[in-house]
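So the structure is just underneath, and the comments pick up after that.
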Amino acid sequence: MRKMEDLISIIRVKLLITALLYTCVCSSSVEQKIYVELNETVPCVRLLNATHQIGCQSSMSGDTGVLHVLETQSDLDWILSSGPHPPYMVIMETAFFNRSVMMRMKNSSRVSGVAVIVSKTGLAQNFSPHTTCPNQNTDVYSESYGSELANCNVTVWNPLGNGLSYEDFSFPVFALKDENQTQVIRKCYEDHNQRVNGSAPHYPLCAMQLFSHMHAVTDTVTCMRRTDLQNRFSINPEVLCDPLSDFNVWTSTRPLNSSAKGHAANESVVIAAARLDGRSFFWEQAPAAEGTVSGIITLLAAIQALYPVTQEAPPPRNIFFTFFQGEAFDYIGSSKMVYDMEKNDFVIDLKNVHSILEIGQVGLHSGRSLWMHSDPVSRKNDSVNEAVSEMMNRMESAAAGLSVSVGHPSFSQPLPPSSLQRFLRAGPIPGLVLADHQKSFSNRYYESMYDDAENLNVTYPPGLTPDEQLVYETDAAKSLAEVATLVARSLYLQAGGENNSLSNITADPKTVAQLLYGFLVQKNNSWFRSLLPPEVSKKGVNSILIVLVFLGVGSGVGQQHRRAVLRPSVRASLRSRLSCLRASGVRLSKLFHMDRVPLEEHPSAHLSGGQQRTGDVNTRGGRGRAAAVSAGDLLHQLEGGASV
Amino acid sequence: MDLSRVFFTGNSTMNLERMPNEEKLSLCRRYYLGGFAFLPFLWLVNVLWFFKEAFLKPAYTEQPQIKSYIKKSALGLILWVAVLTTWITIFQHFRARWGEVGDYLSFTIPLGTA
């Protein structure tokens, strides 16, 4: 009897272990039968600044709702008032993604989330989720400086802006980028959720779950305080938010000793500046073609054009090229540089600065003229006015012989939002902002995900292979090359160079075409691969913004400007009661990873995606900002003129 | 203090049947006094345990004293409940609004909501 009992208990134990193993291994199969994961989704995340929070938030375990596709006005009424199965998860057609609809959703309690279909069909003529007056609180115009010009009283720079990016939504908003997955969702909706003859559909219904829980809340002050408390008192500290930090990039025609700080003796520099960043409503989906890339490419091509002449006939003054990161969020990069200059913590200081030429949005001038914007308040001072007028004259003479012309807007018009404004806050410095718009922006998709290659008219004839597209010179490339030539020549003249060397300075349209292709269409191309270290160019996503390396100077942008922070990770899931729809995108959202490598080694800083939700702080995902171009390499390449 | 009496009263139910009255009184007193050490649950236990003894049994010599202890324990208990309920309500409602003070008073702070 004893042995029999032992035998039975041993068998029972074995059965139990096998059963457990089986469930552990095969438990996910049930999940797969219920949910369909959606991969190509992008969330809207929460951002904080010193006083407010903006963006979107979902519940801790995701928000679920009954699917409804918003195609017509009656759908909107169904969702907001008459539908019997609230809360609804709205699949929004592109045409309905505007301020009035979104604000109605925000104020309704029947909406548990929105998924926007991203497509060009049905796209409105203009869509700019930014505000009408970008960075109005941190520019130079205030009560004490040009008060009549402050807050866009004179010129509204972005009149088409609807301010959606700066609203605080309490439900998740995702962008659906994959057409096939959108079809799957639609099919589920049509099979189960659609109204038949005006009567409500019956259960079971198709549903969707969106998950993008944000840890950060209220404002930066609160977040930093709570992070501090977590780090001090918690055994396993939670990450609540990440700073918006990254690097500026600079270089100069005559070398500057990067370790020497403060005033540089006998140096008078002309600063040539452009911004490096862009943003949109959704996280890391900002091609910023006209808004940012046009300026970057122009400046890079100008650097390449200037290189030979600065070797043969160097101008008396130094030309200091700089690319500012984070300008969308109250001028993070430029204010940091000005701050460092004032504190004598930078290679040059404000007394070294002779003048500033900033390249704003220059991509859409298409045969019309470019405009040189200046600041009327500082020009009330005679010496500054004279310097600015001289700068304009030099620019006009540099434009002679080119197909692009320059003009200046009326004297009393203020500066557009630009990094120059932060320099003016520190003191009256003669400066110009070159832009393709006279009054308001020509960019109809400013700071939105639709500001892409098509917005810049970068289109390739059909039937070209990627390598052929890489070197194909579109009209946009040619016109940007003209602008770059203009910029390079003006800079040379401004730096005191001679008129007769001007004809040798021309920007190469092929370089511009390659840069356009690389930044706007496909960053994983043969040219970038030849320039960059391999792990950088492999990052998947096909979008925007570059990371250029901070050459040399140690302090990252992050130190001063942690005021706007956001929080990690995001996951979207779509669930239905009948069939399996579940979206899960583990979003990497630690915004910037600082990779400070000494200049002697290979300089490459990645703007890599980020951080897994599991709390592994050191993971560099790479999903987010794909394009990472090492400026050291690129500039070296452009200056050296090697095999471009 | 005779802990063996306080904690080990025999079987699982709180059986006061076989206890002599003096012991009941001393037990009641101990619980009453113990509650002053910021232990309102002792008063709660006291009230629940000795309620029948104090009010529902026929009178015996120690009963009036037990009654007074029970009444005082009940009073202290109601006071504690009022104070705690008020504080908890105020804290839960206003913690987010207090900002810094609220954070320093909290043990765990919820993520993502104020």
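Each chain gets a letter, A, B and so on, in the order its sequence line appears, and its residues count up from 1. What you see is a predicted model; the values in this text were computed from it and never measured. Just so it is clear, the values below take in all heavy atoms, side chains as well, and ignore hydrogens, waters and symmetry mates.
Residues of residues 66-77 of chain B having a heavy atom under 4.5 Å from any heavy atom of chain A: none.
For Arg225(A), the salt bridge (Lys or Arg N to Asp or Glu O under 4.0 Å) partners are Asp103(B), not counting sequence neighbours. Take Phe41(B) and apply the ring pair (Phe, Tyr, Trp, His ring centres under 6.0 Å) test, not counting sequence neighbours, and it matches no residue. With sequence neighbours excluded, the residues that form a ring pair (Phe, Tyr, Trp, His ring centres under 6.0 Å) with Phe36(B) are Tyr32(B), Trp43(B).
Heavy atoms closer than 4.5 Å to chain B are found in the side chain of Glu238(A), but not in its backbone. Of the atoms belonging to Ser106(B), not a single heavy atom falls under 4.5 Å from chain A.
Taken from OG1 in Thr108(B) to CG in Leu229(A), the straight-line distance is 12.0 Å, to the nearest 0.5 Å.
Residue-environment remark: OH (Tyr104(B)) exceeds the threshold of 12 foreign heavy atoms within 6.0 Å.
Residues Met60(A) and Leu111(B) share a closest heavy-atom pair of CE-O, 4.4 Å.
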